[in-house]
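Presented below is the structure to which this report refers.
A, B, ... follow the sequence lines: proteins, then strands. Residue 1 opens every chain.
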Amino acid sequence: MLGGVAAESYALKTDTIENANKLGNVAAAQYALKNGVPAHNLLDNSDFNNPVNQRGITSQIGGGYGLDRWRADGSGTISVESAGISLTNLSFRQPVPLKAGTYTLAFHLSNGTTLGYVFKFDGSSTLNAINSSWNETTGAYINYYKHSTGVVMVQIVVAEGYTIIVDWAALYEGSYDASTLPAYQPKGYAAELAECQRYFIRVSNSAAYGIISGTGCVVKVPLPMTMRKDIVPTVTLDSAAWAYTHEGYVGLTFIGTTYSTNTASLHFTLGTETSARCCVVPDLSFNISADL
Amino acid sequence: MEEILMEHPYKVLVRVDDAGRVVEINSDAFVTDTGGWVEIDSGWGDKFHHAQGNYLESPLIDEQGLFLYKFENGQVVKRSDAEIEADYIPQPTAPTQEERLAALEDAFNLLLEGATE
């Protein structure tokens, strides 16, 4: 009647719901491992065989965000390939909000090598290495550092003259070594996309209406509910904008964004005078970024 | 290797027009060509990274597209109400039915004059 599960394990599973402190101070990931529950990967967009790539990069020279939630810094290149992502002469990083605890960071290369690093974080600014013996390979190593209060930057660094292909990455709560590291479980593209869209959304070829007043035109765009709400995101236009009024076409120059609850107002100046009070802005493509 | 490892603070940039009005604000995370931009600050965190909507206390522009800040003595400061109002250009009004009819009559009369000459 226990569905084939040993009585002790059944009791423990029930206990996790009713009385969490009876885990006996065992890290949640290790407890989950013991009871056959997949460990939760704290990284977003970790499956590089099918990465979320709203910016649509195929190749990028380091210098900012490319693949969702990952930024590349340095003068080298990153390219998206069928076996994973190819990295040359750069650091490939993700800022991760973390609470106080012990964590294991891992990057898996397409040649079968797994790099791992265990560290302890105080939840604010202090990080301490616990186990660094398996964090390097020829031409590459992984590490981490404080990005901002409560946010840790995890990264893999590839030296000049070397190229590696990474097919997945993971960050687990708890301390693991090479033999106990949980098996990697892709979250699925839909789940990864939802996590990434808390930080970045690309809107392509949408149509919106605009209100004209004076020499200005304001286009209101509802902000996606998935985005983090603790800051005002940055909007950048991806292409030139123009408006259609009853008097004909009018060029628009984007000058900035203002915000009210859940709505971004894109402000433009008009290229020509018009008596129109409203317009349609077709083919509007823009990026909304709240990246850390 | 040092260049790969370094993470630089974000630069807050503004564009200023000939009249000294701040017409755009952003950070170097989003501005690829910084020609014509002026750096006013730098730092870490969302305020600097997402300067477009988080650096200034108030929005850069109002609902009519009028600029609310100016660049003066190396500082970004708010413009006065008089300065802002002076920028307002009323929209041309649409012609009335009578004006449109009168314009059509004038054009028709011109055509008739040309046909009878």
Side-chain angles (χ1 to χ4, degrees), chain A residues 62-65 71-76 89-93 95 143 145 147-149 151 153 155 157-160 211-218 228 230-236 246-247 253-260 264-265 267-270 273-277 287 289-292, chain B residues 1-10 12-17 21-32 43-69 84-96 99-100:
Chain A
Y65 282 95
R71 56 175 298 139
D73 289 291
S75 57
N89 187 27
L90 48 66
S91 65
F92 187 62
R93 307 166 162 160
N143 72 354
Y145 59 91
H147 173 61
S148 55
T149 301
V151 179
M153 187 76 85
Q155 65 177 354
V157 183
V158 183
E160 186 174 4
I211 304 299
I212 297 173
S213 177
T215 56
C217 173
V218 179
R228 55 183 282 224
D230 56 326
I231 67 159
V232 175
T234 300
V235 173
T236 50
H246 69 277
E247 294 178 350
T253 301
F254 179 62
I255 53 175
T257 313
T258 55
Y259 295 87
S260 59
S265 295
H267 292 255
F268 300 86
T269 52
L270 302 167
E273 283 189 340
T274 176
S275 64
R277 291 290 187 267
N287 301 319
S289 169
D291 280 310
L292 291 169
Chain B
M1 183 63 80
E2 287 301 318
E3 178 194 329
I4 296 173
L5 294 175
M6 287 176 66
E7 190 177 345
H8 300 280
Y10 296 105
V12 179
L13 307 170
V14 294
R15 271 199 320 112
V16 182
D17 68 5
R21 293 171 295 201
V22 176
V23 297
E24 202 168 353
I25 181 168
N26 217 320
S27 80
D28 62 342
F30 300 95
V31 178
T32 51
W44 303 96
D46 290 326
K47 175 183 174 181
F48 299 89
H49 185 186
H50 296 283
Q52 185 189 75
N54 299 279
Y55 186 81
L56 298 174
E57 291 179 2
S58 306
L60 184 68
I61 41 185
D62 68 9
E63 291 285 313
Q64 295 180 314
L66 301 177
F67 299 106
L68 306 181
Y69 287 85
I84 296 168
E85 285 172 19
D87 288 345
Y88 180 68
I89 301 175
Q91 278 177 271
T93 54
T96 64
E99 287 170 339
R100 294 173 68 190

Q: Side chain from CB out, backbone as N, CA, C, O: work out which of these in A/Thr149 comes under 4.5 Å of a heavy atom of chain B, or both, or neither.
A: neither
Q: For each of A/Val235, A/Asp230, A/Ile211, tally heavy-atom pairs with chain B at distances under 4.5 Å, and name the one with the top tally.
A: A/Val235
Q: Check whether A/Thr236 gets within reach of chain B through its side chain, its backbone, both or neither, counting any heavy atom under 4.5 Å.
A: side chain
(Q) At a heavy-atom distance under 4.5 Å, which candidate from A/Met153, A/Arg228, A/Arg71 has the highest pair count against chain B? (A) A/Arg228
Q) Where on A/Asp291 is there a heavy atom nearer than 4.5 Å to chain B: the side chain, the backbone, both, or neither? A) both
Q: Kindly compute the distance separating CG (B/Asp46) from CG (A/Leu292), expressed to the nearest 0.5 Å.
A: 6.5 Å
**Q.** Contact origin within B/Tyr55 toward chain A - heavy atom pairs under 4.5 Å
**A.** neither
Q: Check for a donor-acceptor pair, side chain of B/Asn54 on one end and backbone N or O of A/Val232 on the other, with a separation under 3.5 Å.
A: yes
Q. How many angstroms lie between OG1 in A/Thr234 and CD1 in B/Ile25, if you round to the nearest 0.5 Å?
A. 10.5 Å
**Q.** Portion of B/Asn26 that has a non-hydrogen atom of chain A nearer than 4.5 angstrom
**A.** side chain
Q.
Please check: side-chain N/O of B/His50 versus main-chain N/O of A/Ile231, any donor-acceptor pairing under 3.5 Å?
A. no
Q | NE2 on A/His267 to CG on B/Asp62, rounded to 0.5 Å | A | 8.0 Å
Q. In terms of heavy-atom pairs under 4.5 Å, which option from A/Ala290, A/Gly76, A/Ser289, A/Ser265 contacts chain B the most?
A. A/Ser289
